[in-house]
Amino acid sequence: MPTTYTIAELAREFDITARAIRFYEDQGLLSPSREGVGGRNRVYTPRDRTRLKLTLRGKRLGLTLSEIKSIVDMYESPKDTRAQIDRFLGVLAHQRETLEQQRADIEMALEEIAAHEEECRRLLADSAAGMAADLAPEASKAA
């Protein structure tokens with residue numbers, strides 16, 4: 001395993017675009033060194049790779065980039081691990097609450113859709129029955 005990575009290698013490994021990696025760099029989540037003429041080439045360390053992996057994991061959990069940065073930065077300081085874990089648990093609890101509310105909202109919306117669908121089907125059935133009833137007397141006159 002290399003001790004450094006190019007932007008293309010990380011993009012390929014994590015199936016994201018180089019543009020996304022540059023965006024995370026702009027947000028302060030990654031801090032590659034620069035090499036080459038004019039510092040054009042970004043060189044990522046294992047630390048950057050780990051931070052990118054944690055960033056993508058945080059995005060999958062639905063966390064904001066500022067929440068992700070706060071958590072990732074917290075783990076780089078050799079301070080009280082308990083405080084770091086408590087903070088992370090707080091962020092996770094908040095995200096769980098948000099997602100559970102979204103799930104409740106979605107369930108309510110699905111119930112409303114089902115009720116509207118049922119009403120529309122009933123109206124169509126009533127309309128079809130009414131049309132059939134209207135046509136029945138005409139059919140018997142013609143016979």
Visitor: If I compare all heavy atoms of Thr17 with all of Ala11, which pair ends up nearest, and what's the gap?
Guide: C-CB, 4.2 Å

Visitor: Which heavy atom of Gly62 sits nearest a heavy atom of Gln95, and at what distance?
Guide: O-NE2, 3.2 Å

Visitor: Considering only heavy atoms from C-beta outward, does the side chain of Ile68 approach that of Leu61 to under 4.5 Å?
Guide: no

Visitor: Looking at Asp73 and Arg51, does any basic side-chain N land under 4.0 Å from a carboxylate oxygen?
Guide: yes

Visitor: In Å, rounded to the nearest 0.5 Å, how long is the span from CG of Leu29 to CZ of Phe23?
Guide: 8.5 Å

Visitor: So do Arg42 and Glu25 actually touch side chain to side chain, heavy atoms under 4.5 Å?
Guide: yes

Visitor: Measure across Leu30 and Pro32 and return the closest heavy-atom pair with its distance rounded to 0.1 Å.
Guide: C-CD, 3.7 Å

Visitor: Find out whether Tyr44 and Arg49 are in side-chain contact, i.e. whether some heavy atom of one side chain is under 4.5 Å from a heavy atom of the other.
Guide: no

Visitor: If you look at every heavy atom in Leu52 and Tyr24, which pair is closest and at what distance?
Guide: CD1-CD1, 3.7 Å

Visitor: Do Leu65 and Lys59 have side chains that approach each other closer than 4.5 Å (heavy atoms only, starting at C-beta)?
Guide: yes

Visitor: Would you indicate whether the side-chain heavy atoms of Gln102 and Leu99 approach each other to under 4.5 Å?
Guide: yes

Visitor: What do you reckon, is CZ of Arg96 surrounded by more than 12 foreign heavy atoms closer than 6.0 Å?
Guide: no

Visitor: Within the 4.5 Å heavy-atom criterion, are Arg22 and Ile7 side-chain neighbours or not?
Guide: yes

Visitor: Could you check if a side-chain atom of Asp48 sits within less than 4.5 angstrom of a side-chain atom of Ser31, using non-hydrogen atoms only?
Guide: yes

Visitor: Can you give the donor-acceptor pairs under 3.5 Å from side chains of residues 108-119 to other protein atoms, not counting sequence neighbours?
Guide:
residue, atom, partner, partner atom, Å
Glu119, OE1, Arg122, NE, 3.2
Glu119, OE1, Arg122, NH2, 3.4
Glu119, OE2, Arg122, NH2, 2.5

Visitor: At what distance, to the nearest 0.5 angstrom, does CG of Asp126 lie from CZ of Arg121?
Guide: 14.0 Å

Visitor: I'd like to know if Glu35 and Arg40 make a salt bridge, using a cut-off of under 4.0 Å between side-chain N and carboxylate O.
Guide: no

Visitor: Near Asp86 CG, under 6.0 Å, is it more than 12 heavy atoms from other residues, nucleotides or ligands?
Guide: yes

Visitor: When rounded to the nearest 0.5 angstrom, what is the spacing between CG in Leu56 and CD1 in Ile21?
Guide: 8.5 Å

Visitor: Would you call Thr6 and Leu10 a side-chain contact if the rule is heavy atoms closer than 4.5 Å?
Guide: no

Visitor: Output the distance between atom CG (Leu63) and atom NE2 (His94), rounded to the nearest 0.5 Å.
Guide: 9.0 Å

Visitor: Has Glu100 got a side-chain atom pairing as donor or acceptor with Glu97's backbone, closer than 3.5 angstrom?
Guide: no

Visitor: Leu54: which residues meet the side chain to side chain contact (heavy atoms under 4.5 Å, CB included) condition with it, sequence neighbours left out?
Guide: Thr50, Arg57, Val72

